[in-house]
Amino acid sequence: MARITGSWLSGPTADPGDPATPEFRGEHIGLPRSGAGSLVGLGRRIAALMVDWVISMGIAALIVRPNPQQIIADLDLPADKQPPTNFEAVVSALSTPTWMVWVVVGILAVTLFGFTPGQYFLRLRVIRVDAPVRVGFVRALGRQLLLIFVVPALFTDADGRGMHDRATGTAVVRSR
């Protein structure tokens with residue numbers, strides 16, 4: 001069975017020296033090897049995502065203002081079940097609002113500035129690979145909607161771009 005599925009799951013093999021194999025990430029899309037404008041690795045993109053998530057959670061907490069005692073009091077728990085801690089109650093109350101704030105901030109920030117707050121702190125930005133213009137609302141929306149599923153960001157092409165970037169014609173690069 002492995003021989004049957006291996007032929008189409010593993011994809012085509014590339015010989016060393018094959019022009020389809022890039023020397024460095026971003027070569028196929030005309031980006032520099034290093035410095036400003038070069039593609040960013042997965043680690044820095046994840047760090048920017050975590051910064052964005054913390055900022056979104058803070059904004060969501062300001063909007064929702066969860067009261068842990070009230071949340072715990074409203075729970076209908078069996079007598080043998082331990083109630084959640086205040087921290088657990090607050091985090092559970094903020095999960096959906098945090099996600100919604102993260103989506104809105106991601107769309108607006110990339111549309112208006114070309115980067116999210118986390119990307120700004122880590123000196124990253126989102127660019128279009130087909131033209132030297134802003135990303136725009138439609139691409140930012142599509143990119144963020146694909147990022148909701150997380151999985152497209154984990155699959156990368158030969159240049160190191162996530163499938164969400166490839167689908168929207170964008171790339172995350174170093175800004176400085």
Is the shortest heavy-atom distance from the side chain of [X] to the side chain of [Y] under 4.5 Å?
{"X": "L147", "Y": "W102", "result": "yes"}
{"X": "V110", "Y": "F115", "result": "no"}
{"X": "L108", "Y": "F113", "result": "no"}
{"X": "R125", "Y": "I127", "result": "yes"}
{"X": "I55", "Y": "V105", "result": "no"}
{"X": "W53", "Y": "T98", "result": "yes"}
{"X": "P66", "Y": "I71", "result": "yes"}

Determine all donor-acceptor pairs shorter than 3.5 Å in which one atom belongs to a side chain in residues 72-85; sequence neighbours excluded.
residue: D74; atom: OD1; partner: Q70; partner atom: NE2; Å: 3.0
residue: D74; atom: OD2; partner: Q70; partner atom: NE2; Å: 3.3
residue: T85; atom: OG1; partner: E88; partner atom: N; Å: 3.2

Donor on one side chain, acceptor on other, R174 and S38, under 3.5 Å: yes
May I ask whether [X] and [Y] are part of the same hydrophobic cluster, defined by side-chain heavy atoms of I, L, V, M, F, W, Y residues being less than 4.5 angstrom apart, directly or through others?
{"X": "L145", "Y": "W99", "value": "yes"}
{"X": "M50", "Y": "V172", "value": "no"}
{"X": "V103", "Y": "L49", "value": "yes"}
{"X": "L124", "Y": "V54", "value": "no"}
{"X": "I59", "Y": "F121", "value": "yes"}

In a table with atom names and distances, give each donor-acceptor pair under 3.5 Å that connects a side chain of residues 39-46 to protein atoms at least two apart or in another chain.
residue: R44; atom: NH2; partner: L122; partner atom: O; Å: 2.2
residue: R45; atom: NH1; partner: G160; partner atom: O; Å: 3.4

Using modelled atom types and a 3.5 Å cut-off, is there a donor and acceptor pairing between side-chain atoms of R161 and backbone atoms of T170? yes
Using modelled atom types only, decide if a donor and an acceptor are shared between the side chain of D52 and the backbone of G118 within a distance under 3.5 Å. yes
Can you name the closest pair of heavy atoms from [X] and [Y] and give their distance?
{"X": "G142", "Y": "T168", "result": "C-CG2, 3.9 Å"}
{"X": "T111", "Y": "G136", "result": "OG1-O, 3.8 Å"}
{"X": "A48", "Y": "Q119", "result": "CB-N, 3.8 Å"}
{"X": "T116", "Y": "G106", "result": "CG2-CA, 4.1 Å"}

Atom CZ of R176: over 12 foreign heavy atoms under 6.0 Å: yes
If the condition is salt bridge (Lys or Arg N to Asp or Glu O under 4.0 Å), which residues does R128 pass it with, not counting sequence neighbours? D130
Could you walk me through whether Q69 and N86 pass the side-chain contact (heavy atoms from CB on, under 4.5 Å) check? CA-CA 7 Å; Q69 287 79 23; N86 287 350; 3.4 Å; yes
